Amino acid sequence: MRFTTKGALMAAVAAAALATAASATPVCLPSDAAQTSTAAADTSATATDSTEASATATATAASDDSGWAAAKARAAALVAEMTLEEMVRVVSGAGSSDTVCSGTNFAVERLGLRALCLNDGPTGPRSVDGASAFSASLNAAATFDKDLMLERGELIGEEFYGKGIDIALGPDLNMAHAPLAGRNWEGQGADPYLTAISAGLQVRGIQSKRVVATAKHFVGNEQETWRLHTNSVIDEKTLREIYLRPFQYAVQREGAAAIMHSYNMLNGVHMGENERLLTDILKGEWGFNGLVMSDWLATTNRTEAAVAGTDMLMPGNTWDTVCNGGELVAFSFNPDYPLIEAADAGWCWGINLVQDVGNGTVTQTRVADAATRVLSSLFYVGLAATGDRTISIGDAGVNVQRDHRKHIRAAGAASIVVAKNSGVLPLSAKSVPKVALIGSDAGPSVSFQTYSVDTYGHVPQGGGSGATRFPYVVTPLDAFARRAADENFAVKYALNDTDLDTAASIAQLGDVALVFVKSYSSEGWDRYSYDLDSNGVALINAVASVHSNTVVVLNVPGPVDMSWVDNSNITAVVFAMYPGQESGNSLVDVLYGDYNPSGRLPFTVANDTTDYTVSTVTTFTLPNGTALEWSTPNAELYIAELPQSQQPKVNYSEGLFFDYRYFDRAGVEPLYAFGHGLSYTTFAYADATVVSASELGVDVTVSVSNTGSVGGHEVVQLYLGYPESAAEPVKQLKAFEKVYVPAGESATVTLSVDSFFLPVWDASAGAWTTPSGTYTVYVGASSGDIRQTATFDL
């Protein structure tokens, strides 16, 4: 069988079993006779429900023991009434569908427990009509705006709840460890503090609307190539400080009620069977009370997964499907390199788990704990497990968008990074009466549906299970045309990326030429080059060779080849990334100064791509000497046949030193530093003062003055340098605040380093510790633009 999407794979895996599932509980939807509530009632009740949820869910902190205690007691009382088979029904996946829910479990009819609906993803409800397509999570991080991060979570939560979805499969907390990793667009960038804050606030927002948020993919899932058969090798200090820290924050500070384990091995053990990570650390050290679910088809041994601490196995199948614990061989999202899927995977429980308890390989106590955790997660966020909810994923008549487009447009604008500006921006109809738009990325695509954003035209989001079905897309051409109609200026355009002569000719008709280029990224495979898609560099050079006022707009998921940037005719560079359905409007708001740009890069952009020292593993040599590449047909099939100990290793040998931490240590000057972004005004910093400093946290104040002629937001960033004995990076982001300062005025900004982020991991002691000595506080506009420093001793 060949598959091009996760949904197609799920459908194929489940098809035969579903044909014989007449006696099984229907997937996702309750029985027709039981559907007493209406979709309209569900939707109209959202505002009231959200208010109730804020009072009952207590989803803003895992330290709210009373919230978890009540949820666990209620869940335990229900589980105590269950038979073993009923417990297993709660924790077993019952199949997956692109048109209903990404996943579901089995109902327990005797106790009135309905089947749950789990659905992707981080940009809004996936495969859903009548819902919004939010910007990429990478864009949310680029706003450096805590209010927008929280609001994003709240609005996404509203839409999930309104569609009858119980568990949202997001946000993504994996790091942009390798710049070319395929799912970087779903994450929050290349810094663990930024990731913790951005994802944590989204968790809080989602759960405030009575929807369980799922922090994923736990842990070390920083590449897509051969992800089912790669071994992430990470030393303990690096694992704790970089890759686990955002998850720990989401659990302990923001009350994440669900964790999804990843596909990969970590230090030789598949995450689904990694008892040390799932039970000892997550549930033990961190006190996690919620449920751990598998990623879809990520479990290689159903019995070991149950013992290790996996609480819900997805996607599962029908109740009586025999599953002997073999390993899933391979599947692919890449239509150019489809892989085959082998039978006998270890991803179904159902009757198999009942038998495992019967033969003593899994205890009933463990199954009861798993069922309790599933139900506790629902109760913690204010959801009921009984009663009926109408699931309206495929029903466009149940529209949950409300006015969310306003947030999407504003958040998109706030995320856009003006990286270079020689004075051409902002544009105006008076100073620039003719505008030329060049490149297919400015115009429409063939389709904007889940998984199938056509890369010929505009790319406002990436692909895979994190993609969203667009209700509409405002392209740059759309937005410019609308503004031109209102303000009486002319728009010329050429959308063919390979007809360079026409592009150059049309460009010369404008007073400014904007070149739109892109790089598409997706789950299932990694980007294999820093090259721009669709002849992008040649297109830029063709226009810049004939126009002295060339502006380049990049819809990209991270760093790309910037070899063209030093051309003096290129007067501005704008990183738009993936802004979602309002993409064109968000961009035009920034380009014309309706919104003074305040986005900041959540990753470092190098002068030369050779400056990036971390890459995904895309080549591998089999023991027999056969060399495999990412593009080798069925490469993962060959890899899967190897013992796990011989499968590809992803060595995180750089330790703490990737992205700006590496550039700082190596003394390599980046093109655009992490945290960089320009405004249409200027800001001056003064009087950085350490107000207080102890193991309980650090407070620093700094004066920020707007020395320009227009009001604007400044993102004030605090980086901390540890005592030399700590062997930490030169500086690390530990606080940021986004503050609006009117022209000619000043503001005193307080930056607080939370006690959670102050300690470092002492590998020899196996514990967190706050090093003694002198610390340096760096306050500035980016990691490469430090304006003020101060010191303190601990």
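This is a predicted model, so every value here is computed, not measured. Worth knowing before you read on, the calculation uses all heavy atoms, side chains too, and leaves out hydrogens, waters and symmetry mates.
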Which pair of heavy atoms, one from [X] and one from [Y], lies closest together, and at what distance?
{"X": "S705", "Y": "S746", "value": "OG-OG, 2.5 Å"}
{"X": "V398", "Y": "G162", "value": "CG1-O, 4.0 Å"}
{"X": "A140", "Y": "R152", "value": "CB-CD, 3.7 Å"}
{"X": "P471", "Y": "A133", "value": "CD-N, 4.0 Å"}
{"X": "G462", "Y": "A467", "value": "O-CB, 3.5 Å"}
{"X": "L500", "Y": "A542", "value": "CB-CB, 4.1 Å"}

Find out whether [X] and [Y] are in side-chain contact, i.e. whether some heavy atom of one side chain is under 4.5 Å from a heavy atom of the other.
{"X": "Y520", "Y": "W185", "value": "no"}
{"X": "S783", "Y": "Q717", "value": "no"}
{"X": "L477", "Y": "V491", "value": "yes"}
{"X": "V573", "Y": "L554", "value": "yes"}
{"X": "P460", "Y": "F470", "value": "yes"}
{"X": "L733", "Y": "F674", "value": "yes"}
{"X": "T195", "Y": "M175", "value": "yes"}
{"X": "P557", "Y": "M577", "value": "no"}

Donor-acceptor contact present, side-chain [X] to main-chain [Y], <3.5 Å:
{"X": "N706", "Y": "E745", "result": "no"}
{"X": "Q202", "Y": "P171", "result": "no"}
{"X": "N535", "Y": "A538", "result": "no"}
{"X": "N596", "Y": "Y680", "result": "yes"}
{"X": "D478", "Y": "G584", "result": "no"}
{"X": "S583", "Y": "P579", "result": "no"}
{"X": "T707", "Y": "T682", "result": "yes"}
{"X": "S428", "Y": "S431", "result": "yes"}
{"X": "N184", "Y": "G558", "result": "no"}
{"X": "H713", "Y": "V741", "result": "no"}

Between [X] and [Y], is any side-chain donor less than 3.5 angstrom from a side-chain acceptor?
{"X": "Y472", "Y": "E582", "answer": "yes"}
{"X": "T143", "Y": "D145", "answer": "no"}
{"X": "R126", "Y": "S465", "answer": "no"}
{"X": "K738", "Y": "S598", "answer": "yes"}
{"X": "D499", "Y": "T502", "answer": "yes"}
{"X": "D659", "Y": "T604", "answer": "yes"}

Show the numbers, then the answer: is there a side chain to side chain donor-acceptor pair (under 3.5 Å) between T550 and N569? CA-CA 6 Å; T550 300; N569 283 346; over 6 Å; no

Check the pair Q461, T468 against side-chain contact (heavy atoms from CB on, under 4.5 Å), reporting the backbone distance first and the verdict last. CA-CA 8 Å; Q461 73 171 203; T468 311; 3.8 Å; yes

Distance check, rounded to the nearest 0.5 Å: [X] atom [atom1] versus [Y] atom [atom2]?
{"X": "Q508", "Y": "H547", "atom1": "CD", "atom2": "NE2", "result": "7.5 Å"}
{"X": "S132", "Y": "E158", "atom1": "OG", "atom2": "CD", "result": "10.0 Å"}
{"X": "N496", "Y": "I506", "atom1": "CG", "atom2": "CD1", "result": "11.5 Å"}
{"X": "S198", "Y": "L173", "atom1": "OG", "atom2": "CG", "result": "9.0 Å"}
{"X": "N421", "Y": "T571", "atom1": "CG", "atom2": "OG1", "result": "7.5 Å"}
{"X": "R204", "Y": "E154", "atom1": "CZ", "atom2": "CD", "result": "9.0 Å"}

Y493 atom OH: more than 12 heavy-atom contacts under 6.0 Å: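 Count not over threshold, so no.
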
For atom NZ of K146, is the number of surrounding heavy atoms from other residues, nucleotides or ligands below 6.0 Å larger than 12?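 Count over threshold, so yes.
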
Hey, would you say the [X] and [Y] ring centroids sit under 6.0 Å apart?
{"X": "Y530", "Y": "Y612", "value": "yes"}
{"X": "Y660", "Y": "F603", "value": "no"}
{"X": "F489", "Y": "Y592", "value": "yes"}

Axial cation check for F575 ring with K420, 6.0 Å and 45° limits: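 The answer is no; the distance or angle limit is not met.
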
Candidate pair Q207 and V211, rule side-chain contact (heavy atoms from CB on, under 4.5 Å), full reasoning: CA-CA 5 Å; Q207 293 190 168; V211 174; over 6 Å; no

Apply side chain to side chain donor-acceptor pair (under 3.5 Å) to the pair D561 and T609, showing each step before the final yes or no. CA-CA 6 Å; D561 173 19; T609 57; 5.9 Å; no

Taking 4.0 angstrom as the limit, do R405 and D403 come out as a salt bridge?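 No, R405 and D403 are not salt-bridged.
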
With a 4.0 Å cut-off on N to O distance, would you call K209 and E159 a salt bridge?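 The answer is no: the pair does not qualify as a salt bridge.
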
Could you walk me through whether R483 and D594 pass the salt bridge (Lys or Arg N to Asp or Glu O under 4.0 Å) check? CA-CA 12 Å; R483 191 172 191 110; D594 298 341; 2.7 Å; yes

Dump the intermediate steps for salt bridge (Lys or Arg N to Asp or Glu O under 4.0 Å) on E714 and R600, then the final yes or no. CA-CA 10 Å; E714 177 67 334; R600 300 293 183 263; 3.1 Å; yes

Before you tell me yes or no, could you show the steps for V459 and D441 under side-chain contact (heavy atoms from CB on, under 4.5 Å), namely the whole-Å CA-CA distance, both residues' side-chain angles and the distance that decides it to 0.1 Å? CA-CA 6 Å; V459 177; D441 189 49; 4.1 Å; yes

Identify every side-chain donor-acceptor pair in residues 406-417 under 3.5 Å, counting partners at least two apart or on other chains, and give the distances.
{"from": "H407", "atom 1": "ND1", "to": "E151", "atom 2": "OE1", "distance (Å)": "2.7"}
{"from": "R409", "atom 1": "NE", "to": "D589", "atom 2": "OD2", "distance (Å)": "2.8"}
{"from": "R409", "atom 1": "NH2", "to": "D589", "atom 2": "OD1", "distance (Å)": "3.0"}
{"from": "S415", "atom 1": "OG", "to": "N139", "atom 2": "ND2", "distance (Å)": "2.9"}
{"from": "S415", "atom 1": "OG", "to": "G412", "atom 2": "O", "distance (Å)": "2.7"}

Applying side-chain contact (heavy atoms from CB on, under 4.5 Å) to V560 and V517, what does each step give before you reach the verdict? CA-CA 11 Å; V560 293; V517 291; over 6 Å; no

